[in-house]
Amino acid sequence: MAMALRAASRVLLRAGSRLGRREAVDGARRFANKRVLVETEGAAGATRIAVMKFRNPPVNSLSLDFLTEFVISLEKLENDKSIRGVILTSDSLKRGNQTKVAATEKTEEKRATRDHGGRLQERPGIFSAGLDLLEMYGRNPAHYAEYWKAVQELWLRLYLSSLTLMSAINGASPAGGCLLAITCDYRIMADNPKYTIGLNESLLGIVAPFWLKDNYVNTIGHRAAERALQLGTLFPPAEALKVGVVDEVVPEDQVHSKTLSVMAKWLAIPDHSRQLTKTMMRKATADNLIKQREADIQNFASFISRDSIQKSLHMYLEKLKHKKG
Ligand SMILES: CC/C=C\CCC/C=C/C(=O)SCCNC(=O)CCNC(=O)[C@H](O)C(C)(C)COP(=O)(O)OP(=O)(O)OC[C@H]1O[C@@H](n2cnc3c(N)ncnc32)[C@H](O)[C@@H]1OP(=O)(O)O
């Protein structure tokens, strides 16, 4: 198992150096795959933090390619001893005077809607729309198995990361988007009622896996998780804060600066004691998946292949397609 993990890591790293490119930008360093941009801040030799920006238009869904690139980027950061903290955020279209970094013109058009006067209005931001529905619909069991293995890998690496992880939630964050957030040590969400966060799987006719349920229970408690999972609740920021899905809600234009200042406080704690504490809190939950990874993959592949589940996903995709007026 350990050998297999090391071999997989070597393959990912080799792929990473092929896919990645490094540049120096105003003293900060950055590397980018196609779908994940990583910027590091701080002087050489000193503690640095990294910002991982998702840019998988139109909705930052967790496609197989995105998951692969994400894990490669995270592994690079884990291997860089000068990096102690990482912020996860979205690089997708933002509103107001913020920059549009990732979008092509076509995507910008897609990410916008027209008001009654026919003017383009930008739609709300998206942290991540969660697992890519097109990876789970209309494919074969071998594909589902490969996809699920990549989903598990992402969750395990985030949940057990020795880095201090924070999410700066600057948009909608359903299901797999919420997964990314709740693996982090701290979550800060933009105060925009159009953004919601939660595990809404039941609304799609599917079920969150047991390990994600455990992560949710560890975050918001058993009773709140039981209710929110059954109802598929997507919480707006104020409610997300109340129930504990997020730790702070701040004005949208302060999400990044606030996350940086909270990160500074966390980085004042000695790494070894913080890391041992994190492992103590999380190991049993992660081990629960590690000891039955293969069974979980087979369970997912057979569950998602069922006609009734494929039908539910088809209906959900149609609903998404037709919601646009
Ligand atoms: C045993 C275990 C079994 C199963 C476990 C499975 C666990 C699953 C976890 C998941 O994460 S499932 C995915 C859940 N995600 C959602 O429900 C989000 C769905 N999307 C939305 O609600 C909205 O798209 C939005 C994120 C709020 C953004 O809205 P907006 O109006 O800005 O965009 P629009 O809806 O028009 O979408 C644009 C474009 O993107 C497609 N899309 C949206 N979400 C996904 C997705 N998750 N995967 C793939 N594609 C997605 C959408 O269909 C549109 O496509 P189109 O332009 O071609 O029509």
Side-chain angles (χ1 to χ4, degrees), residues 49-54 59-62 70 85-92 94-95 98 124-131 154-155 158-159 161 163-203 208 211-267 269 274 278 281-282 285:
I49 66 151
V51 184
M52 278 179 84
K53 296 181 176 176
F54 320 144
V59 290
N60 283 335
S61 64
L62 308 184
F70 191 106
V86 175
I87 295 171
L88 307 185
T89 196
S90 166
D91 190 37
S92 62
K94 315 246 175 66
R95 275 152 307 113
Q98 290 170 290
I126 299 168
F127 181 70
S128 165
L131 300 196
L154 174 83
W155 181 77
L158 285 170
Y159 197 65
S161 175
L163 296 160
T164 296
L165 295 184
M166 299 200 171
S167 42
I169 306 163
N170 50 353
S173 194
C178 178
L179 172 155
L180 295 174
I182 64 175
T183 56
C184 289
D185 301 294
Y186 202 83
R187 290 160 285 284
I188 296 179
M189 186 172 189
D191 190 7
N192 183 331
K194 288 187 177 152
Y195 301 164
T196 57
I197 184 167
L199 297 180
N200 63 328
E201 280 82 347
S202 67
L203 301 181
W211 40 269
L212 181 54
K213 174 270 292 177
D214 289 344
N215 190 166
Y216 213 32
V217 167
N218 295 348
T219 308
I220 65 174
H222 197 282
R223 175 61 192 135
E226 182 180 323
R227 193 167 45 199
L229 280 166
Q230 289 190 54
L231 297 174
T233 312
L234 287 170
F235 298 101
E239 287 176 36
L241 179 64
K242 203 165 154 201
V243 74
V245 181
V246 299
D247 298 296
E248 267 184 80
V249 171
V250 302
E252 191 146 15
D253 60 354
Q254 290 168 29
V255 172
H256 186 66
S257 58
K258 183 68 189 180
T259 313
L260 285 176
S261 72
V262 176
M263 179 67 86
K265 283 191 192 146
W266 279 64
L267 295 186
I269 309 295
R274 189 197 55 75
K278 182 170 177 175
M281 298 300 292
R282 295 188 170 200
T285 299

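Owing to the predicted nature of the structure, the values given are computational and were not obtained by experimental measurement. Heavy-atom basis, side chains included; hydrogens, waters and symmetry copies ignored. The chain is numbered in sequence order, starting from 1.
At a threshold of 4.0 Å, the pair Glu239-Lys242 does not count as salt-bridged, since none of the basic side-chain nitrogens sits closer than that to a carboxylate oxygen.
In summary, the aromatic rings of Phe127 and Tyr195 are positioned with their centroids too far apart to meet the 6.0 Å limit.
Looking at heavy atoms from C-beta onward, Val250 lies in side-chain contact with Ile188 at the 4.5 angstrom threshold. With contacts defined as side-chain heavy-atom distances shorter than 4.5 Å, the pair Met189/Leu241 does not qualify. Residues Asn170 and His256 have side chains not in contact (no heavy-atom distance under 4.5 Å, counting atoms from C-beta outward).
Of the possible donor and acceptor atoms, one in the side chain of Thr89 sits under 3.5 Å from a partner among the backbone N and O of Ala168. Between the Thr196 side chain and the Phe235 main chain, no donor and acceptor come within less than 3.5 Å of each other. Remark: side-chain polar atoms of Arg187 are paired, donor with acceptor, to backbone N or O of Val245 under 3.5 angstrom. With hydrogens and angles disregarded, a donor-acceptor distance shorter than 3.5 Å links the side chain of Lys278 to the backbone of Leu163.
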task = Report the C-alpha distance between Ile49 and Leu260 in whole Å, list the side-chain angles of each, state the deciding distance to 0.1 Å, and finish with yes or no for side chain to side chain contact (heavy atoms under 4.5 Å, CB included).
result = CA-CA 9 Å; Ile49 66 151; Leu260 285 176; 3.2 Å; yes

task = Using the side chain to side chain contact (heavy atoms under 4.5 Å, CB included) rule, take Leu158 and Leu180 through it: C-alpha gap first, then chi angles, then the decisive distance, then the call.
result = CA-CA 8 Å; Leu158 285 170; Leu180 295 174; 3.8 Å; yes

query = Between Leu88 and Phe70, is a side chain to side chain contact (heavy atoms under 4.5 Å, CB included) present by the stated rule, with each step listed?
reply = CA-CA 10 Å; Leu88 307 185; Phe70 191 106; 3.9 Å; yes

inquiry  = Run Met166 and Val262 through side chain to side chain contact (heavy atoms under 4.5 Å, CB included) and show every step you take.
reply    = CA-CA 9 Å; Met166 299 200 171; Val262 176; 3.9 Å; yes

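Nearest heavy atom pair, residue Ala240 against residue Ile197, reads CB-CG2, 3.6 Å. The heavy-atom pair separating Glu201 from Ala175 by the smallest distance is OE2-CB, 3.6 Å. Looking at every heavy atom in both residues, Ile169 comes nearest to Ala181 through CD1-CB, 3.9 Å. Of all heavy-atom pairs between Ala190 and Pro237, the closest is O-CG, 3.4 Å. Minimum interatomic distance between Ile269 and Arg274 (heavy atoms only, all atoms of both residues): CG2-CB, 4.0 Å. The shortest non-hydrogen separation linking Gly232 to Ser202 is N-OG, 3.2 Å.
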Donor-acceptor contacts, no H, no angles, side chain residues 211-220, under 3.5 Å, sequence neighbours left out:
| unit_1 | atom_1 | unit_2 | atom_2 | d |
| --- | --- | --- | --- | --- |
| Trp211 | NE1 | Asp296 | OD2 | 2.9 |
| Asn215 | OD1 | Trp155 | NE1 | 2.9 |
| Asn215 | ND2 | Ile182 | O | 3.1 |
| Asn218 | ND2 | Tyr159 | OH | 3.1 |
| Asn218 | ND2 | Asp214 | O | 3.4 |
| Asn218 | ND2 | Thr285 | OG1 | 3.0 |
| Thr219 | OG1 | Asn215 | O | 2.7 |

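For the atom pair Asn200 CG and Leu234 CG, the distance stands at 4.5 Å (nearest 0.5 Å). For the atom pair NE2 (His222) and CZ (Arg227), the distance works out to 12.5 Å, reported to the nearest 0.5 Å. Note that the CD atom of Gln254 and the OG atom of Ser261 stand 10.0 Å from one another [nearest 0.5 Å]. Here the CG atom belonging to Leu154 is positioned 7.0 Å from the CG atom belonging to Leu62, to the nearest 0.5 angstrom. Of the inter-residue distances, the one linking Leu179 atom CG with Leu199 atom CG reads 7.5 Å to the nearest 0.5 angstrom.
Among Ser90, Ser173, Ser128, the one residue that satisfies the side chain to side chain donor-acceptor pair (under 3.5 Å) test with Asn60 is Ser90.
For the 3.5 Å distance criterion, the side chains of Asp185 and Thr164 fail to qualify, holding no donor opposite an acceptor.
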